[in-house]
Amino acid sequence: MHQITIDLASDTKTKPTSEMRQAIATAEVGDEQAGEDPTVNRLTKKVCELLGKEAAIFLPSGTMCNQIAWRVWLTPGDEIIMDKSAHTFNFETGGPSALSGASINTIHGRYGIFTLDDVKKIVRTPSNYFPRSRAILIEQTSNLGGGSVWPLEKIQSISDYAKSEGLIMHMDGARLFNACVVANISAQTYAQHFDSLWIDFSKGLGAPVGAALAGSEEFIKKAWRWKHQFGGAMRQAGIIAAGALYGLNNHIDRLTEDHINAKTFAKGLSKYSEITVDPVETNIIFFDVGGLNLTAQEFDQKLMKFGARCTPMGNSRVRAVTHLDVSAEQIEEVLGIIDQIVSNSNT
Ligand SMILES: *Cc1c(COP(=O)(O)O)cnc(C)c1O
């Protein structure tokens with residue numbers, strides 16, 4: 001195992017800053033599952049304010065936020081509509097079917113984003129034969145879509161339709177704030193189009209653990225029951241909530257730096273005819289190294305020899321993610337490393 005000093009594998013790789021560790025060390029705590037942890041309560045209150053929702057619940061992970069939302073909204077046999085790239089479809093071990101009896105109907109969108117027409121084409125009419133279309137999932141930003149940002153108008157048109165058809169709107173907002181700073185649209189403005197949504201503290205916000213799910217009082221009351229059943233009710237969780245709160249208070253605006261670094265990185269890569277780079281909007285860069293006659297795995301192994309890494313995603317596709325622990329200087333450094341890899345592949 002090589003020592004990795006430039007870690008572009010994911011924005012989950014951040015370590016708490018010393019200021020965040022200070023906030024964690026001095027956090028007031030209590031019994032979370034009894035509602036007695038003051039730091040958790042402060043965090044959920046702040047989440048409600050930011051998202052303009054009545055209630056919120058603190059959970060160990062974004063995955064649990066999705067799974068609890070499905071459990072609240074669905075009865076077995078119901079169907080969720082989402083893009084085929086969705087995290088809850090690909091990376092949650094079949095949770096929606098295992099835990100909520102859900103089937104999933106996928107849309108083949110563009111960079112993870114689909115249109116009202118796409119939705120209308122696959123929503124099922126009520127029938128004794130069909131699964132019941134029940135919810136629509138939107139992932140803001142789209143992870144496998146390359147950090148693409150859902151335009152507000154698209155969300156609004158789908159949400160208006162969902163309301164008229166009695167469909168639930170749920171947002172996987174793992175990277176909602178990345179969208180907010182790029183589009184200069186508040187989290188609340190996006191959130192008003194959703195019945196439920198969640199944000200992750202362990203991605204761009206740089207906290208070690210945690211996510212929060214928000215919605216109406218009634219929704220969150222039901223969510224509490226499944227939090228217990230799924231084993232997500234905690235005790236002195238203020239220890240981790242303090243990191244999350246610190247991230248919310250201090251690390252939203254700085255996401256712009258990650259976006260600048262991502263653009264610089266993509267621009268550097270696009271100089272090579274052997275590498276093709278997908279459009280970059282936020283902090284995720286997808287590129288293809290097939291032109292170097294390397295697999296994604298081989299490319300990443302070469303990077304690792306120099307103390308850097310990305311994530312191989314398929315045969316020759318690579319994903320890089322910028323975050324709190326990657327500086328502008330390190331982006332220049334990794335571009336220098338890639339320059340050597342490209343030169344060597346040509347000799
Ligand atoms: C990371 C991620 C999740 C899951 O969040 P965890 O906190 O890792 O469980 C869900 N959706 C998207 C889009 C993600 O990027």
Side-chain angles (χ1 to χ4, degrees), residues 7-16 43 47 56-71 80 82-96 98-100 102 104 106-107 109 111-114 135-150 155 170-180 182 187 190 194 196-214 223 226-227 230-232 234 237 240-241 243-244 247-248 251 255 258 262 281-286 310-311 313 319-324:
D7 201 342
L8 293 164
S10 174
D11 47 7
T12 58
K13 304 294 181 189
T14 55
K15 311 253 169 77
L43 175 66
V47 169
I57 189 168
F58 185 48
L59 293 168
S61 70
T63 300
M64 196 182 281
C65 291
N66 275 334
Q67 296 308 323
I68 288 179
W70 304 140
R71 193 66 188 80
I80 321 166
M82 64 185 73
D83 191 79
K84 71 174 195 303
S85 65
H87 190 283
T88 201
F89 180 55
N90 294 290
F91 302 121
E92 297 178 14
T93 64
L99 302 172
S100 299
I104 292 177
T106 58
I107 293 172
Y111 298 116
I113 290 168
F114 48 83
I136 300 170
L137 165 81
I138 280 175
E139 195 175 289
Q140 181 74 307
T141 67
S142 167
N143 180 347
L144 289 192
S148 52
V149 176
W150 270 86
I155 291 175
H170 173 73
M171 184 203 285
D172 172 337
R175 296 187 180 80
L176 172 60
F177 292 113
N178 293 86
C180 292
V182 161
Y190 285 120
F194 294 87
S196 56
L197 79 157
W198 61 270
I199 54 173
D200 214 326
F201 304 116
S202 67
K203 300 274 165 83
L205 297 180
V209 191
L213 175 67
W226 305 119
K227 171 176 157 101
F230 293 173
M234 297 174 272
I240 52 176
L248 268 187
H251 292 163
L255 290 170
D258 299 342
E281 291 183 59
T282 53
N283 68 328
I284 299 177
I285 309 100
F286 271 97
C310 298
T311 304
M313 289 257 187
R319 189 190 73 169
V321 188
T322 56
H323 53 75
L324 189 58

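What you see below is based on every heavy atom in this structure, not just the backbone, and it leaves out hydrogens, waters and symmetry mates. Counting starts at 1 for both ligands and their atoms, following the listed order.
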Validation row: Leu144, Phe89 side chains within 4.5 angstrom (heavy atoms) | no
What pairs of residues pass the side chain to side chain donor-acceptor pair (under 3.5 Å) test when at least one of them lies in residues 82-96, not counting sequence neighbours?
-> Asn66-Glu92, Gln67-Glu92, Trp70-Thr88, Asp83-Ser85, His87-Glu92, Thr88-Glu92
Tell me, which residues have any heavy atom less than 4.0 Å from some atom of ligand 1?
-> Ser61, Gly62, Thr63, His87, Glu92, Glu139, Asn143, Asp172, Ala174, Arg175, Trp198, Asp200, Lys203
Is the gap between the ring centers of Tyr111 and Trp150 under 6.0 Å?
-> no
Quick one: are Val149 and Gln140 in side-chain contact, heavy atoms under 4.5 Å?
-> yes
Apply side chain to side chain contact (heavy atoms under 4.5 Å, CB included) to Ala56 and list each qualifying residue two or more places apart in sequence or on a separate chain.
-> Thr44, Val47, Cys48, Ala214
The complete set of salt bridge (Lys or Arg N to Asp or Glu O under 4.0 Å) pairs with one or both residues in residues 200-212, sequence neighbours excluded, reads Asp200-Lys203
